[in-house]
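Dumping the structure here so I can ask a few things about it.
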Amino acid sequence: MCGIGGIVSLDREIPFNIILDMLESMKMRGTEHGAGFAAYSPTENGLIRFRFFAEENDINVLTTRLNEYIHLGKVSKIAQLNRGLAAFEALIKSYPPSDVYKLVHVFQAARHLEVWKSIGWPHSVAEVYSLWTKNSYAWLGHTRYPTNSPGFKPWLAHPFSYGEVAVVHNGDLSSYGINKRFVEYVLGIENFTGNDSEIIAYLLSMFLNDGLSVEETIETLISGEKLRWAKLDGPFAVIFIYGTSKGPIFGAFVDKHHLRPLYVSIDSDVVYVASEAGAIKSVNPRSKPRMVRGGGFVVVYPDGNKVVKGLSEYKEYDAVQIPIDAIDADDYKNSVLLNKAIELSLARNGYAHVINLKGHRYVANGLGPGRLELFGVVGNASLNVVEGVEARIYGLAQEDLGDCAMDSTIVVYGSVGDSAGQAMRSGGLYITGSAGNRLGVQMKGGVIVVKGSVGDYLGEYMSGGTILVLGSVGRYIASGMVGGKIFIKGCIPLSTIGKAPPRTLLMHYIEALTKRGLQNVEEVKALKDLDAYDLMRILGPEFEKLSKLWGVLHVGYPIAECRYVSDDEKDEIKRIVEEYNKAVETVKEYIDVEELFSYRFTVIKSAKYRYKALAPDTT
């Protein structure tokens, strides 16, 4: 839920107010329980900035004890916090040993970085540290919404730093325990704050100092392939700075299931990263935010080299004429007041036009009927529970668009985030760009068309309606699907359909069948090349046991075929495409339906299995 942001430029220093404005635009993601910033900021003399939190009354005693391990020299108070707490700084010659971390709450010990954090909103943290005139080539920012750790101590706020690494994180790490034990063993660190996010800074610093490349380090944290104790498990989106003498190495990555959103805009001289596309647009209206797909990342090196993996496409169209009676979203303090203005316009005129949307949430929820034109970035959970609405979005839409929409037409001239069309009842959702994860999750009716790519879990728990996708798709398609149909242009690997276990796990199970005498050696050799659907057909009753590995015993495994569509399916797709083409007339992003039928489609439908009959029941 936290809001994270980052900016890097190799050509010019960026003023502090840019990262602050980015966080302020994501205020809904934060609380007064913590915020902070980090910047690339090398010391002039090569000394290490050693910063820690302490009670003012204890500082003399602490200084004496710390001097047993490191020579502090002059200790300066850099910020007065609440309840007698303060932030202190000393310049030291070498990195502090692990014993120092047992004595005080260290929040920085680095040559090339500065970290500022405390309890409060971003602007109050900026005030207490007097950050208004700061400039840097790389910034991180975090506004905190604590979930698994307390929110009343400054050392629990972000960013977290260890050595020359600073990180901000949105998510919850279920692997914190095993990650922490690994850090204890390797680094000798024993005192932890208890905030799971701190472990990311330790792991990044450890691997980068050991000589792994930045990309190898990120892949290790995401997948655990090189070292399973280092794998981060659970939802996470991370932005980091690695300070070097040549300049900042800046990076960002998300978990492989994309359980936390992250957007990136790569301009000619600046790279922006944030939890919300609207946050990037708020500081640079001409930016082009793209979603980071599951397991994706971006890395920017001091020499200007950029490495990216797993970014969605960006769609942009020529500006349309904005009506003179448009509602300016900037004139309203919150979504309640904005929606009242939209509701009033719908009642008076039958339509409403809204401009300057910059990630505003809950836009037009529960409204209708009427016509809506929305310009900018439509924020999370918008156009939910609408009925009889004809909506046009000229720009991006973030997560949870069109939940439970009924008898409505929603057209996005651009891309959408995760969980668009959730529990959609009827009507149409037409997307000219790409879509995130869980498109059409729990969909009950209506039509969704995506001209671009789609992420993982397409049609998850779908029970009705039709989805047509013309671009590439992710994994775990139709997991838990109990109704409806999905048409995907082209043939996709059947292994990406449903929530199947790893192939190695299947092989272990099949080999166990031979040891129990349930399958002979020749049968096992044949089974190794088959997909899950064929396994069901051949194994029969034994598949009931195997299906528990999928968790699909009661739902069934979806039926998937790669083929040319039937005549009845052609008629259905023609009707869908006709409606889509009408909807996108403004930008002329048409689909050639006859050219479409020259391709084979992956057609997915739900099924339940009668194990005793050894055949799928499609009735």
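Position 1 is the first residue of the sequence, and the numbers go up from there. Quick caveat, the model's predicted, so the values are computed rather than measured.
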Under 4.0 Å between a Lys/Arg side-chain N and an Asp/Glu carboxylate O for R260 and D172?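 D172 and R260: salt-bridged.
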Between the side chains of Y317 and T432, is a donor N or O closer than 3.5 angstrom to an acceptor N or O?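 Side chains of Y317 and T432: pair found under 3.5 Å.
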Do S453 and S434 meet the criterion of a side-chain donor-acceptor pair at a distance under 3.5 Å?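 No.
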Taking the inter-plane angle between the rings of F601 and F487 on a 0 to 90° scale, is it parallel (under 30°), tilted (30 to 60°) or perpendicular (over 60°)?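 Judged by the thresholds at 30° and 60°, the geometry between F601 and F487 is perpendicular.
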If you draw a 6.0 Å radius around NZ in K340, do more than 12 non-hydrogen atoms from other residues or ligands fall strictly inside?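 Incorrect, the count does not exceed 12.
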Measure from NZ or CZ of R438 to the centre of the six-membered ring of Y457, then state whether that distance is under 6.0 Å and the direction lies within 45° of the axis.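 Satisfied, under 6.0 Å and within 45°.
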Determine, for K309 against E215, whether the closest basic-nitrogen to carboxylate-oxygen distance falls under 4.0 angstrom.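 The answer is no: the pair does not qualify as a salt bridge.
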Can a side-chain donor-acceptor contact be found between N284 and S265 if the only test is distance below 3.5 angstrom?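 Result is no, nothing qualifies.
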Regarding E585 and Y590, do their side chains bring together a donor and an acceptor under 3.5 Å, going by distance alone?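 Note: E585 and Y590 side chains meet the donor-acceptor criterion.
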Are Y476 and H257 an aromatic pair, judged by ring center distance below 6.0 Å?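 Yes.
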Got a donor-acceptor contact below 3.5 angstrom from the N170 side chain to the M1 backbone?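 Side chain of N170 to backbone of M1: a pair is present.
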What I want to check is whether the side chains of E373 and Y351 have a donor and an acceptor closer together than 3.5 Å.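 No - no donor-acceptor pair under 3.5 Å links their side chains.
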Pair N380, D400: side-chain N/O donor-acceptor within cut-off below 3.5 Å: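 Side chains of N380 and D400: no pair found under 3.5 Å.
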Salt-bridged, R575 to E572, with N to O below 4.0 Å?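 Not counted as a salt bridge, because no side-chain N and carboxylate O are separated by less than 4.0 Å.
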